[in-house]
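Just below is one structure, and these are the notes that go with it.
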Amino acid sequence: MQYWLMKSEPGEVSIDDLQNMPEQKVEWFGIRNYQARNFMRDQMKIGDLAIFWHSSCKEPGIYGIVEICSDAHPDSLQFDPNSDYYEPKSTTDKAVWWCVDVKFIKKTRYISIQELRTYPELEEMRVLQKGNRLSITPVTDKEWQFIGKLLDQKIKS
DNA sequence: GCCAACGTTGGC
DNA sequence: GCCAACGTTGGC
């Protein structure tokens with residue numbers, strides 16, 4: 001069992017959007033970065049849990065928890081010539097881009113990136129590293145447990 | 001909207 | 001296969 005952090009632009013799919021999807025599931029489409037693809041294709045397992053992060057927005061940070069609910073499969077948008085995510089090199093036999101499906105587990109309180117930076121326990125978290133642009137990163141057991149405790153707190157004083 | 005830090009592309 | 005130029009990400 002492995003933990004992850006997955007960034008989504010709320011303008012594309014927010015935590016509320018996910019909650020309102022049929023079966024509260026969504027294909028994690030549009031990842032066009034090899035490292036992130038490899039995490040989904042090679043390492044993610046059904047049942048893995050992930051932090052749902054809003055990025056490229058006014059208030060970036062943690063908004064919820066989701067679960068990986070499918071094996072890796074080709075990203076469907078790469079075959080659509082009208083999509084921004086179209087990939088001319090992909091064929092149905094040989095897809096370049098792979099992804100998993102993700103299921104809503106719960107909304108959490110918002111934890112801002114500034115708050116996360118205040119905890120020494122999290123100073124090595126991938127998402128907090130300078131220059132990090134990866135939209136999918138592994139989260140260690142320790143980081144996950146610590147964040148779990150933060151989420152149980154009503155409000156941070 | 002700026003820009004640092006990456007990632008990708010393509011000429012050589 | 002090097003590397004300059006260009007493109008993208010995403011916090012600020």
Side-chain angles (χ1 to χ4, degrees), chain A residues 2-19 21 26-44 48-68 72-102 104-140 142-144 146-151 153 155-157:
Chain A
Q2 168 83 61
Y3 300 110
W4 306 93
L5 183 146
M6 300 173 83
K7 294 182 185 173
S8 181
E9 299 189 17
E12 288 247 37
V13 181
S14 70
I15 188 73
D16 289 324
D17 293 337
L18 176 58
Q19 191 173 17
M21 296 265 178
V26 73
E27 177 186 14
W28 206 257
F29 62 83
I31 300 300
R32 296 294 179 269
N33 169 284
Y34 290 104
Q35 264 186 281
R37 178 205 67 182
N38 292 349
F39 281 141
M40 289 196 285
R41 192 191 56 187
D42 306 334
Q43 290 187 239
M44 280 187 179
D48 282 1
L49 295 172
I51 291 164
F52 193 98
W53 181 280
H54 285 188
S55 70
S56 291
C57 58
K58 213 172 167 202
E59 296 185 306
I62 297 175
Y63 284 82
I65 304 293
V66 297
E67 181 180 341
I68 311 309
H73 57 81
D75 177 327
S76 55
L77 291 183
Q78 70 193 310
F79 305 118
D80 176 2
N82 298 317
S83 169
D84 286 345
Y85 297 114
Y86 179 59
E87 173 55 70
K89 281 181 276 192
S90 287
T91 63
T92 40
D93 284 352
K94 220 177 172 201
V96 177
W97 301 113
W98 292 69
C99 66
V100 296
D101 298 345
V102 145
F104 177 86
I105 298 293
K106 64 177 179 185
K107 280 165 84 165
T108 65
R109 78 171 175 96
Y110 168 55
I111 307 188
S112 69
I113 194 164
Q114 297 95 320
E115 181 184 338
L116 292 171
R117 288 194 200 284
T118 65
Y119 303 113
E121 291 89 341
L122 299 178
E123 64 186 8
E124 288 181 16
M125 240 187 127
R126 289 285 292 275
V127 77
L128 301 180
Q129 300 311 303
K130 192 178 176 187
N132 168 73
R133 297 190 317 173
L134 253 192
S135 64
I136 297 178
T137 48
V139 172
T140 67
K142 278 187 180 173
E143 289 161 353
W144 185 272
F146 185 79
I147 290 167
K149 278 186 219 154
L150 293 181
L151 291 171
Q153 291 175 217
I155 287 281
K156 208 230 163 201
S157 56

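The chains referred to below are lettered A, B, ... by the order of the sequence lines, with proteins before strands, and numbering in each begins at 1.
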### Query
With sequence neighbours excluded, what pairs up with A:R32 under the salt bridge (charged side-chain N to carboxylate O under 4.0 Å, His left out) test?
A:D75
### Summary
Across all chains, not counting sequence neighbours, the salt bridge (charged side-chain N to carboxylate O under 4.0 Å, His left out) partners of A:D16 are A:K107
### Message
Please enumerate all residues that pass side-chain contact (heavy atoms from CB on, under 4.5 Å) together with A:R126, with sequence neighbours excluded.
### Response
A:Q35, A:L134, A:T137, A:P138
### Query
Has the side chain of A:Q78 got a donor or acceptor atom that lies under 3.5 Å from a matching backbone atom of A:W97?
yes
## Note on the structure
Each nucleotide of nucleotides 1-11 of chain B classed B (base within 4.0 Å of a protein heavy atom), S (only sugar-phosphate) or -, in 5' to 3' order, makes ----BBSS---
### Task
Go through residues 53-60 of chain A and report each residue with a non-hydrogen atom lying under 4.0 Å from DNA chain C, sorted by number.
A:W53, A:S55, A:S56, A:P60
### Task
With sequence neighbours excluded, tell me which residues meet side-chain contact (heavy atoms from CB on, under 4.5 Å) with A:E9.
A:E12, A:S55, A:S56
### Query
Can you say whether the rings of A:F146 and A:Y119 are parallel (under 30°), tilted (30 to 60°) or perpendicular (over 60°)?
perpendicular
### Query
Pick one: which of A:W28, A:Y110, A:Y63 meets ring-ring contact (aromatic ring centres under 6.0 Å, His included) with A:F52?
A:W28
